[in-house]
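Inspection log for the structure reproduced underneath, given as structure tokens.
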Amino acid sequence: MRRPYPFHEIEPRWQQHWAAHETFRVANPGEPGFDASRPKFYVLDMFPYPSGAGLHVGHPEGYTATDITTRYKRMNGFNVLHPMGWDAFGLPAEQHAIKTGEHPRFNTQRNVDNFRRQLQALGFAYDWSREVNTTAPDYVRWTQWIFLQLYHSYFDETTKTARPIRELEERGLSREEIDAQRLAFVAEAPVNWSPSLGTVLANEEVDEWREKGETVERRPLKQWMLRITKFAERLLADLEPLDWPESIKISQRNWIGRSEGAQVRFALAEGEGSIEVFTTRPDTLFGATYMVLAPEHPLVERITTSAQREAVAAYRAACALKSDLDRTDLAKDKTGVATGAFAVNPVNGARIPVWIADYVLMGYGTGAIMAVPGHDERDLAFAEKFELPIVQVVQPAKEGVEWRGFVDDGTAIHSGFLDGLPTPEAKRRIIAWLEEKGVGQGRVTYKLRDWLFSRQRYWGEPFPIVWDQTTGRHEAIPESELPLLAPELDDYKPTGDPRGPLVKATDWIRYSETLQRETNTMPQWAGSCWYYLRYCDPRNEQRFVSAEAEKYWMGGRSEAPVRGGVDLYVGGTEHAVLHLLYARFWHKVLFDLGHVSTAEPFQRLVNQGLILGENGQKMSKSLGNVVNPDDVVRDYGADSLRLFEMFMGPLTDSKPWSTAGVQGVHRFLARVWRLVMDEQATEGTWEISPALQDVAPSPAVLKALHAAIKKVTADIEAMAFNTAISALMVASNELGRAEVRPLSAVRTLLVLLSPFAPHLTDELWDALARKFGGPTGLCCEQPWPKHDESLLVEDEVEIVVQIAGKMRDKLTVKKDLPAAEIEALVLALPKIAEALAGKAPKKVIVVPGRLVNVVP
RNA sequence: GCCGAGGUGGCGAAAUCGGAAGACGCGCCAGACUUAGGAUCUGGUUCCGCAAGGAGUAAGGGUUCAAGUCCCUUCCUCGGCACCA
């Protein structure tokens with residue numbers, strides 16, 4: 001097969017060379033070869049889940065962008081940490097194990113090997129000696145160790161930091177009091193239990209199995225939770241200074257969902273007790289005409305009257321069967337049942353009915369609301385359906401606006417002492433009143449919930465926890481027993497026990513006479529919460545990362561007002577919230593406990609866009625528009641794939657694949673090849689072109705070259721790789737036009753192209769060195785060139801001449817010609833004289849070096 | 001519904017500060033070389049028009065000497081969230 005250039009030979013050769021010479025290995029402080037004089041730069045990719053399907057062309061997009069940045073920074077004299085690894089726990093491997101009976105680690109290993117092969121075929125400058133795998137025992141060990149840090153910590157409300165549990169013990173708190181404060185704690189929480197499958201499902205699996213006809217219900221189980229809610233305020237505040245896309249910051253803010261309002265206590269009309277509600281609109285308290293409890297609210301049992309008992313029980317049972325999705329999706333139509341109980345509105349003594357309805361969520365606020373149907377859309381819909389009273393307590397500012405369902409700020413009305421107050425003022429007044437009367441207080445609530453950290457799965461990190469069968473208490477196992485690995489099983493099929501597949505391993509569970517192991521495992525998020533730290537010191541057997549390595553790679557740099565951490569983190573928007581929030585949470589705990597040196601893990605975040613199929617639709621097997629990188633590498637080479645993915649458009653945009661586009665950049669690379677090489681009579685035999693000579697470049701070539709240096713440098717800094725490539729094309733076209741191609745200019749072009757097309761440029765660099773001698777080392781190890789601004793200045797500039805804003809003529813003048821002289825020259829032009837017809841112009845705008853606009 | 005991103009040639013896209021719209025690439029057209037070309041090279045290519053010229057950055061309006069860029073209104077596409085009191 002005839003190829004425009006022999007990429008199929010040179011690419012594997014250079015990949016082997018880089019691997020054999022450990023070209024991209026970077027030393028830690030204290031290790032041989034470490035150069036302390038260089039600044040550090042940490043470039044991180046979101047590591048992949050190694051699926052059986054292999055790499056997708058979407059993966060190399062972000063990876064190529066970080067690779068270019070890595071290589072560019074290296075050439076600029078940085079110590080660059082650029083690692084890769086595997087987020088290898090996950091459901092597909094477990095499902096494979098269930099089907100085949102083979103331990104998931106084998107399937108995982110095969111997939112990892114395939115992913116590594118595919119990534120290495122793309123020539124990425126990873127330091128493979130730092131590869132991590134979240135399922136490896138020496139990694140699991142430290143994930144479990146971090147869990148124990150959480151388990152042995154509490155949140156100190158005065159310092160707002162994580163502190164060791166030991167402090168509580170020293171203060172003499174009881175075991176119960178301590179357990180109630182641990183950052184890792186146990187609570188009853190509903191899981192998606194499928195009786196027909198005999199297994200627990202992840203939220204994202206529920207729909208899929210329902211469609212296949214399986215049943216899924218909510219069932220409360222003892223679950224491990226992480227107290228992320230305590231960190232809500234810090235997670236919110238520390239987001240501010242990060243160099244992240246604004247859209248991601250907004251997503252995180254929304255997820256945390258801070259809202260200010262008041263907690264109000266409504267006494268029950270009959271009997272003892274009261275109902276606490278949270279509201280952001282305490283100013284509408286006079287308009288509360290009924291109350292609603294979440295169906296799961298603990299008070300329901302107690303307050304329901306005997307007449308309503310049956311209806312309430314039936315409603316609660318129906319709600320229990322619904323998944324979260326059903327409750328939100330289908331519930332446009334409000335449902336609910338009266339409990340028969342009544343409460344008293346503290347502001348006006350009104351006796352109002354208490355209902356239960358699933359539009360009130362147990363997990364938010366207090367799980368109970370005061371309903372103000374006049375000024376809340378949901379309450380209004382409910383009140384209309386069940387014919388509950390609706391009263392106005394807010395007057396819209398604008399005339400003629402319907403007050404029913406008016407939810408914006410206005411003026412209080414029919415609200416006693418609040419009447420006439422604007423909403424914000426009314427809120428302040430009523431909160432002061434509630435506090436004074438002791439029936440409520442101002443309060444901040446977050447949408448963020450504590451992190452449900454247990455999974456009833458096999459292929460995840462087991463909890464380093466045992467349960468005392470006599471006391472029912474949990475205990476941490478000693479750190480010396482880590483890693484705690486899951487036992488081998490005969491088969492991985494569901495057991496029908498909602499505690500998960502590990503219950504089958506009876507020997508493993510039995511820890512001692514009285515102690516039994518926890519059978520839950522950690523979620524996939526656990527490993528990805530701290531992998532960026534392990535990369536800093538991946539083979540350390542004493543610590544999860546040494547203090548020195550952590551401080552060096554994650555520490556702040558002096559030249560910028562940075563907060564430290566990873567300098568550049570690139571990945572998809574699908575991790576906008578969960579991964580990035582969980583990792584930030586763990587990082588803060590580790591920071592509080594003194595294990596890491598910065599409060600935030602990722603200083604700068606960039607999201608690459610989606611690569612769509614050639615038809616503009618999302619790539620998917622069912623649409624048959626999936627592009628396999630292996631095929632592209634086979635047909636056009638890795639350099640072409642890399643270059644095309646960067647040339648398609650801006651990194652952060654979604655853009656469609658185009659085979660013709662790959663051919664375009666492939667042709668460009670072939671032209672660069674032929675700038676240097678000449679094909680001989682025998683097909684595929686190449687020698688240095690006779691047109692390439694060691695001569696001084698012409699001024700035109702020099703200028704084109706330095707323009708390219710300037711543009712490519714600025715564009716890589718800005719991650720505008722598409723326009724950087726365009727500049728390289730312009731420069732190479734210019735060079736190709738010359739009869740004689742000067743060696744020095746060609747070499748500079750190769751250096752500029754090297755981060756984008758490393759195989760081609762290392763090959764040509766090497767060929768030139770063999771023929772002409774010159775600089776030693778690989779092309780990718782050359783210093784990055786600097787442009788000479790003096791070569792770019794023009795002594796003459798073209799000025800655009802406009803009449804009334806429309807381009808009419810052009811004029812070439814000396815660069816520094818004063819505005820008055822330019823104006824005189826322009827007014828003397830025949831076209832201008834004609835347009836003015838002897839009259840003086842109304843206005844003349846002169847923008848020196850650019851244009852003159854004459855307004856007649 | 002809410003939030004976010006975006007709408008520029010036949011296509012992917014360029015366009016520091018408001019100052020020549022369409023760089024670069026694909027595709028297409030013509031030519032050269034050639035036994036051949038789906039290789040390579042040269043030239044052309046926003047639209048209408050033979051031309052002079054005119055129009056043109058989703059649509060409409062506004063600010064300005066000058067608007068793809070700033071402001072207002074509307075429409076469309078994509079992504080995320082979705083009873084959070």
Side-chain angles (χ1 to χ4, degrees), chain A residues 2-4 245-251 253-255 257-259 261 277-281 284 292 325 327-329 331-332 334 357-361 363-372 375-379 381-382 407 445-449 573-574 576-577 607 609-610 612 614 616 618 643-644 647-650 652-665 667-668 670-671 674 679 711 714 718 720 722-730 733 736-737 798-810 841-847 849-856:
Chain A
R2 190 181 188 285
R3 292 182 177 83
E246 198 50 37
S247 61
I248 300 288
K249 289 190 184 182
I250 289 170
S251 296
R253 282 190 207 113
N254 289 345
W255 191 261
R258 183 183 198 274
S259 52
V277 303
F278 172 75
T279 176
T280 55
R281 292 299 300 271
T284 62
V292 186
L325 266 136
R327 277 181 68 160
T328 53
D329 245 31
K332 297 298 164 209
K334 297 275 180 288
D358 66 358
Y359 83 92
V360 173
L361 310 171
Y364 184 75
T366 61
I369 62 155
M370 63 175 206
V372 184
H375 305 288
D376 182 283
E377 283 176 43
R378 300 152 299 182
D379 297 344
F382 192 84
V407 298
T445 302
Y446 302 91
K447 227 164 86 178
L448 183 70
R449 321 264 180 97
T573 48
E574 65 272 22
V577 177
N607 293 122
L610 226 57
L612 307 169
E614 204 136 9
K618 213 169 182 160
L643 203 65
F644 177 63
F647 187 62
M648 292 167 83
T652 53
D653 284 8
S654 288
K655 50 232 169 239
W657 185 261
S658 157
T659 301
V662 185
Q663 287 163 355
V665 294
R667 278 202 286 268
F668 162 66
R671 277 200 299 278
R674 291 195 309 271
E679 192 164 25
K711 177 92 177 126
N722 54 332
T723 49
I725 293 165
S726 144
L728 288 166
M729 288 171 168
V730 171
N733 288 345
R737 266 190 287 276
E798 202 170 43
I799 302 258
V800 170
V801 179
Q802 295 183 331
I803 298 175
K806 288 202 179 291
M807 217 268 285
R808 281 300 122 104
D809 208 346
K810 287 185 220 169
K842 209 198 272 171
K843 203 168 189 177
V844 181
I845 285 101
V846 181
V847 184
R850 280 212 167 263
L851 64 66
V852 176
N853 188 7
V854 179
V855 187

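Computed from a predicted structure; not experimentally measured. Just so we're on the same page: letters track the sequence lines, and every chain starts at 1.
- Note that CG of Asn853(A) and CZ of Arg808(A) are 11.0 Å apart. Values are rounded to the nearest 0.5 Å.
- Annotation: A30(B) and U69(B) have their P atoms spaced 38 Å apart (nearest Å).
- At the heavy-atom level, Lys842(A) lies nowhere under 4.0 Å from the strands shown.
- Remark: Asn722(A) is not in phosphate contact with G25(B), judged by side-chain N or O atoms under 4.0 Å from OP1 or OP2.
- Between Ser251(A) and Met648(A), the one whose closest nucleotide on RNA chain B sits nearer the 5' end is Met648(A).
- The base of A20(B) is not paired with the side chain of Gln802(A) by any donor and acceptor separated by under 3.5 Å.
- For Asn733(A), a side-chain nitrogen or oxygen approaches OP1 or OP2 of G25(B) to under 4.0 Å.
- Remark: the separation of the C1' atoms in G38(B) and C26(B) is 15 Å, to the nearest Å.
- Lys447(A) comes within contact range of at least one nucleobase, with a heavy-atom separation under 4.0 Å.
- The closest side-chain heavy-atom distance from Asp379(A) to Ile369(A) is below 4.5 Å.
- For Lys334(A) and Tyr359(A), the positive end sits near the middle of the six-membered ring, less than 6.0 Å away and at most 45° from its axis.
- Comparing the P positions of A82(B) and C65(B) gives a spacing of 50 Å, expressed to the nearest Å.
- Across the protein-nucleic acid pair, Leu643(A) atom CG and G12(B) atom P stand 19 Å apart, rounded to whole Å.
- An OP1 or OP2 oxygen of U40(B) is reached within less than 4.0 angstrom by no side-chain nitrogen or oxygen of Arg671(A).
- Base pairing of C50(B): no nucleotide in any strand meets the Watson-Crick or G-U wobble criterion (both distances under 3.5 Å).
- Residues Gly257(A) and Gly649(A) both approach RNA chain B. Their nearest nucleotides, taken by heavy-atom distance, put Gly649(A) toward the 5′ side.
- Contact annotation: Ser654(A) does not reach the phosphate of G6(B) (side-chain N/O to OP1 or OP2, under 4.0 Å).
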